[in-house]
Amino acid sequence: MLDIELIRKKPNFVKERLATRDKSLPELVDEVLELDKKRRSILVELENLRAERNKKSKEIGFLRREGKDTSDLERQVKEFKERIEALEEEFRRVQENLRKVMLRIPNLPHESVPVGEDEEDNVEVRRWGELKEFNFEPKPHWEIGESLGILDFERGARLAGSRFTVVKGWGARLERALINFMLDLHISKGYKEILPPHLVRPEILEGTGQLPKFEEDLYRCERDDLYLIPTAEVPLTNLFRGEILKEEDLPIYLTAYTPCYRREAGSHGKDIRGIIRQHQFNKVELVKIVHPETSYEELEKLTLDAEEVLRLLGLPYRVVELCTGDLGFSAAKTYDIEVWFPSQGRYREISSCSNCEDFQARRMNTRFKDSSGKNRFVHTLNGSGLAVGRTLAAILENYQREDGKVEVPEVLRDYVKADLIE
RNA sequence: GGAGAGGUGGCCGAGUGGCCGAAGGCGGCCGCUUGCUAAGCGGCAGAGGGUUAACAGCCCUCCGAGGGUUCGAAUCCCUCCCUCUCCGCCA
C-alpha cells in the first residue's frame with residue numbers, strides 16, 4: 001500500500017511513477033484523491049458532532065451525581081445520535097471504497113529502475129559462467145528425465161492433471177539434496193530457517209500483495225477460507241505482522257523451504273512440456289526484514305546470496321534488472337536471475353529478488369521503534385534462493401552426457417551420495 | 001469434535017456503567033544523587049487519525065474483531081476469531 005500522505009502531497013509525482021508501470025494507473029490516483037477528500041470532510045463533521053455529544057453526556061453524569069434533572073439534555077443527545085449514525089455509515093462506505101482502491105495500486109518503482117514496457121526492456125546487469133560446449137545436440141530436461149526414469153509426466157497427470165509431475169528415484173533424491181544444500185548455504189550466511197504453514201488466511205495474502213488483485217492465481221480451500229501459499233514469501237514476510245520490532249532486532253534474515261502452489265491461470269500455452277511451469281513446485285525462499293536506510297544494500301546482498309547457489313552448482317546464469325513495466329505488484333526494484341538452458345539456447349528465470357520497501361509493511365502493519373522513539377515501517381525484501389524444480393531441470397540439461405547419463409555437480413555429491421545419475 | 005477459562009499499553013497485570021486511555025509492577029527514556037558494570041530519588045512516555053505553519057494546542061477513535069443495549073461501554077448482550085485447560089480423535 002502506498003502512503004496516502006505522499007499521494008496527497010505529491011499526486012503528480014506518484015502518477016508519473018505509476019504511469020511507467022502502466023498508463024492506466026494514474027486514474028486510480030485521482031480516484032484516491034477524490035475519496036480521500038470526501039472522507040476527510042465527512043470526518044471533520046463527524047468528529048465535531050461526537051465531541052459535542054461527548055461533552056453533553058459527561059455533563060449528564062455530573063448533574064446526576066448532584067441529583068439534578070437531566071431529561072432535557074438526554075433528549076438533546078439522542079438527537080445527535082441519529083445524525084452521528086448516519087454520518088458514520090457514510091464514512092464507513094467512503095473509507096471502504098478508498099481502501100479498496102488503495103489495495104489495487106502497485107508499488108512505486110524505485111528511481112533507479114529502467115523505464116520500459118515489458119521483459120524486452122529489462123537490462124542485463126551481469127553474466128557468470130562459461131556456456132558448456134556440447135559435441136552433440138543437448139536434449140531438453142524432460143527427455144533426459146523420462147529416459148532416466150526420474151520424471152514421470154504421465155502418472156503426474158493421472159494423479160492431478162497437467163502441470164503436475166511425479167519425481168522418482170534419483171530425481172527425488174537429487175531434488176531433496178538441492179533443498180538441503182540451499183538451506184545449509186543460506187543458514188551459513190545468517191538466515192534463520194523457518195518451517196511455516198502452507199495454508200494461510202486471506203489477510204496474510206493481502207499483506208504481501210497477492211490479494212485482492214491476484215485471487216485467480218491462488219488455490220483456495222473454501223470450507224476453511226484458507227489459501228495454499230504461492231510462495232514462502234507470504235508466511236515469512238507476514239511473520240511479524242502487527243508487531244512493533246526493536247531497532248536492534250533488525251535486520252532479520254529468514255529462509256524456508258516450502259512447496260509453492262500456483263494455478264497459473266494466465267499462462268495456458270506456456271512451457272507445457274517439462275517442469276519449468278508447474279502447479280506445485282519446491283522453492284527455498286529468502287526474506288529480509290530491514291531498516292529502511294539499508295534496504296537497497298540488502299537487496300544487492302540478497303541477490304548475491306541467491307547467485308551463489310548457481311555459482312557453487314556451476315550453472316551459468318545472468319542477472320537482469322526488471323524494467324518498470326515488468327515489475328511485480330509489490331516490488332519497488334527487482335533483479336531476476338536467469339539460468340542457462342542449453343536445449344532452449346537461452347536463459348530462463350530461476351530467481352526473483354525484490355525490495356518492496358515499506359509497501360508490504362504498510363499492509364501488514366509491521367513497524368519498528370527507531371532511536372528517536374518513533375514507530376516506522378520496516379522494509380521487506382524477498383528472493384528465491386532458488387526455485388528447486390527449475391534448478392533440477394537446469395542441472396539435467398547442463399550436466400547431461402551424450403550417453404544420456406547426468407553428472408552430479410560436485411557440491412551435491414555428498415548430499416546425493418552419487419556422482420552420476422544413470 | 002465436547003466441556004470450561006480467558007483475550008487490557010513493549011511485557012506482566014488491576015479495573016463490572018460516567019472523574020478510565022486506563023492503577024500497579026517490569027522494561028524504556030531524561031535528570032539528580034552515590035567513587036566503583038549496581039542501587040536510590042524525581043520526572044517523561046500507548047497507538048492511529050483530524051485540524052494546523054506547527055513533532056504547540058484542541059478534537060476524534062482504539063482495552064481481540066464486528067454488531068447491539070444506553071444520554072454514556074474496557075465494563076452489559078449477541079456473533080466471530082484466537083489462546084489456555086480437561087476429554088475425545090489422530091501422525
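Chain A is the first sequence line, chain B the second, and so forth, proteins listed ahead of strands; every chain is numbered from 1. Note that the structure is a prediction, hence the values are computed from the model and not measured.
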- Atom CD of A:Glu34: over 12 foreign heavy atoms under 6.0 Å: no
- Query: Looking at the rings of A:Phe368 and A:Phe377, which for Trp means the six-membered one, are their centres under 6.0 Å apart?
  - Reply: no
- Looking only at atom types and distance, does a side-chain atom of A:Thr237 sit under 3.5 Å from a main-chain N or O of A:Val234, one as donor and one as acceptor? no
- Item | Upstream residue (5' side of RNA chain B) when A:Ser57 and A:Ile60 are each assigned their closest nucleotide | A:Ser57
- Query: Looking at RNA chain B, which of residues 78-89 of chain A put a heavy atom within less than 4.0 Å of it?
  - Reply: A:Lys78, A:Lys81
- Task: Can you run down the ring-ring contact (aromatic ring centres under 6.0 Å, His included) pairs that involve residues 59-117 of chain A, sequence neighbours left out, and say none if there aren't any?
- Result: A:His110-A:Tyr296
- Query: Expressed as a whole number of Å, how far does the C1' atom of B:G27 sit from that of B:G10?
  - Reply: 8 Å
In a table with atom names and distances, give each donor-acceptor pair under 3.5 Å that connects a side chain of residues 176-199 of chain A to protein atoms at least two apart or in another chain.
from, atom 1, to, atom 2, distance (Å)
A:Asp184, OD2, A:Tyr415, OH, 2.7
A:His186, NE2, A:Gly385, O, 2.6
A:Ser188, OG, A:Leu185, O, 2.6
A:Lys189, NZ, A:Glu308, OE1, 2.4
A:Tyr191, OH, A:Asp305, OD2, 2.7

- Task: Take atom P in B:G66 and the same atom in B:U61, then report the distance between them in whole Å.
- Result: 14 Å
Taking only N/O atoms, report every protein-nucleotides 53-58 of chain B pair under 3.5 Å with atom names and distance.
none

- Task: Establish, yes or no, whether a centroid distance under 6.0 Å links the rings of A:Tyr317 and A:Tyr347.
- Result: no
- Task: Using the P atom as the reference point in each nucleotide, state the distance between B:C44 and B:U52 in Å, no decimals.
- Result: 31 Å
- Distance between the P atoms of B:G35 and B:C26, in whole angstroms? 25 Å
- Closest-nucleotide 5' rank along RNA chain B - winner of A:Asn48 and A:Val77: A:Asn48
- Query: Distance between the P atoms of B:A22 and B:A74, in whole angstroms?
  - Reply: 12 Å
- Query: If we take the C1' atom in both B:G9 and B:G48, what is their distance in whole Å?
  - Reply: 14 Å
- Please answer whether the main-chain N or O of A:Gly325 pairs with a side-chain N or O of A:Arg21 as donor and acceptor at a distance below 3.5 Å. no
- Whole-Å distance between B:U61 P and A:Phe91 CZ? 12 Å
- Task: Measure from CZ on A:Arg50 to P on B:C71 and round the result to the nearest Å.
- Result: 18 Å
- Message: Distance check, P atoms only: B:U51 and B:G13, in whole angstrom units.
- Response: 39 Å
- Query: Looking for any heavy atom pair under 4.0 Å, which part of the strands does A:Arg53 touch: base, sugar-phosphate only, or nothing?
  - Reply: sugar-phosphate
- Any chance you could measure A:Lys139, atom NZ, to A:Ile144, atom CD1, to the nearest 0.5 Å? 7.0 Å
- Item | Set of side-chain hydrogen bond (donor to acceptor under 3.5 Å, both in side chains) partners for A:Asp326, sequence neighbours left out | A:Asn122
- Message: What's A:Asn54 touching, base or sugar-phosphate or nothing? Going by heavy atoms closer than 4.0 Å.
- Response: sugar-phosphate
- Donor-acceptor pair, side chain of A:Arg241 and main chain of A:Glu203, under 3.5 angstrom: yes
- Message: Without decimals, in angstroms, what is the distance between A:Arg201 CZ and B:C82 P?
- Response: 5 Å
- Task: Would you mind reporting whether A:Val125 and A:Tyr335 have side-chain heavy atoms less than 4.5 Å apart?
- Result: yes
- Item | Spacing of the P atoms in B:C60 and B:G21 (rounded, Å) | 11 Å
- Task: Can you tell me the distance, in whole Å, between the CZ atom of A:Arg75 and the C1' atom of B:U70?
- Result: 17 Å
- Task: Grab the CG-C1' distance between A:Leu245 and B:G27 for me, whole Å please.
- Result: 17 Å
- Message: Tell me every residue that passes side-chain hydrogen bond (donor to acceptor under 3.5 Å, both in side chains) with A:Glu79, counting only those two or more places apart in sequence or in another chain.
- Response: none
- RNA chain B in dot-bracket, Watson-Crick or G-U pairs under 3.5 Å, [ ] crossing, | other strand? ((((((((.[[[..)..(.....]]].(((((.......))))).((((((.....)))))).[[[[[..)....]]]]])))))))....
Could you go through residues 99-108 of chain A and list every donor-acceptor pair under 3.5 Å that involves a side-chain atom there, pairing it with any protein atom two or more places apart or in another chain?
from, atom 1, to, atom 2, distance (Å)
A:Arg99, NH2, A:Glu206, OE2, 3.0
A:Asn107, ND2, A:Ser330, O, 3.0
A:Asn107, ND2, A:Cys356, O, 3.1

- Task: For A:Glu74 and B:G18, give me the distance from atom CD to atom P, rounded to whole Å.
- Result: 15 Å
- Can you tell me the distance, in whole Å, between the CD atom of A:Glu248 and the C1' atom of B:G27? 12 Å
- Item | Pairs where residues 261-290 of chain A contributes a residue and the test salt bridge (charged side-chain N to carboxylate O under 4.0 Å, His left out) is met, not counting sequence neighbours | A:Glu264-A:Arg277, A:Asp271-A:Arg277, A:Asp271-A:Arg348, A:Lys283-A:Glu285, A:Lys288-A:Glu298
- Note on the structure: In whole angstroms, the gap separating C1' of B:C81 from CG of A:Asp224 amounts to 14 Å
- Is the shortest side-chain N to carboxylate O distance from A:Glu96 to A:Arg92 below 4.0 Å? no
- Scan residues 377-401 of chain A for pairs that pass salt bridge (charged side-chain N to carboxylate O under 4.0 Å, His left out), counting only residues two or more places apart or in two chains. A:Arg401-A:Asp403
- Message: Below 30° counts as parallel, above 60° as perpendicular, anything between as tilted: where do the rings of A:His279 and A:Phe164 land?
- Response: tilted
- Message: Quick test of your reading of the model: are A:Glu47 and A:Arg50 salt-bridged, counting only N-O distances below 4.0 Å?
- Response: no
I'd like a list of close polar pairs between nucleotides 44-50 of chain B and the protein, N/O only, cut-off under 3.5 Å.
from, atom 1, to, atom 2, distance (Å)
B:A47, O3', A:Arg367, NH1, 3.1
B:G48, OP1, A:Arg367, NH1, 3.0
B:G49, N2, A:Glu47, OE1, 3.2
B:G49, N2, A:Glu47, OE2, 3.2
B:G50, OP1, A:Arg8, NH1, 3.2
B:G50, OP1, A:Arg8, NH2, 3.1

Using nucleotides 88-91 of chain B, report all nitrogen or oxygen pairs with the protein that are shorter than 3.5 Å.
none

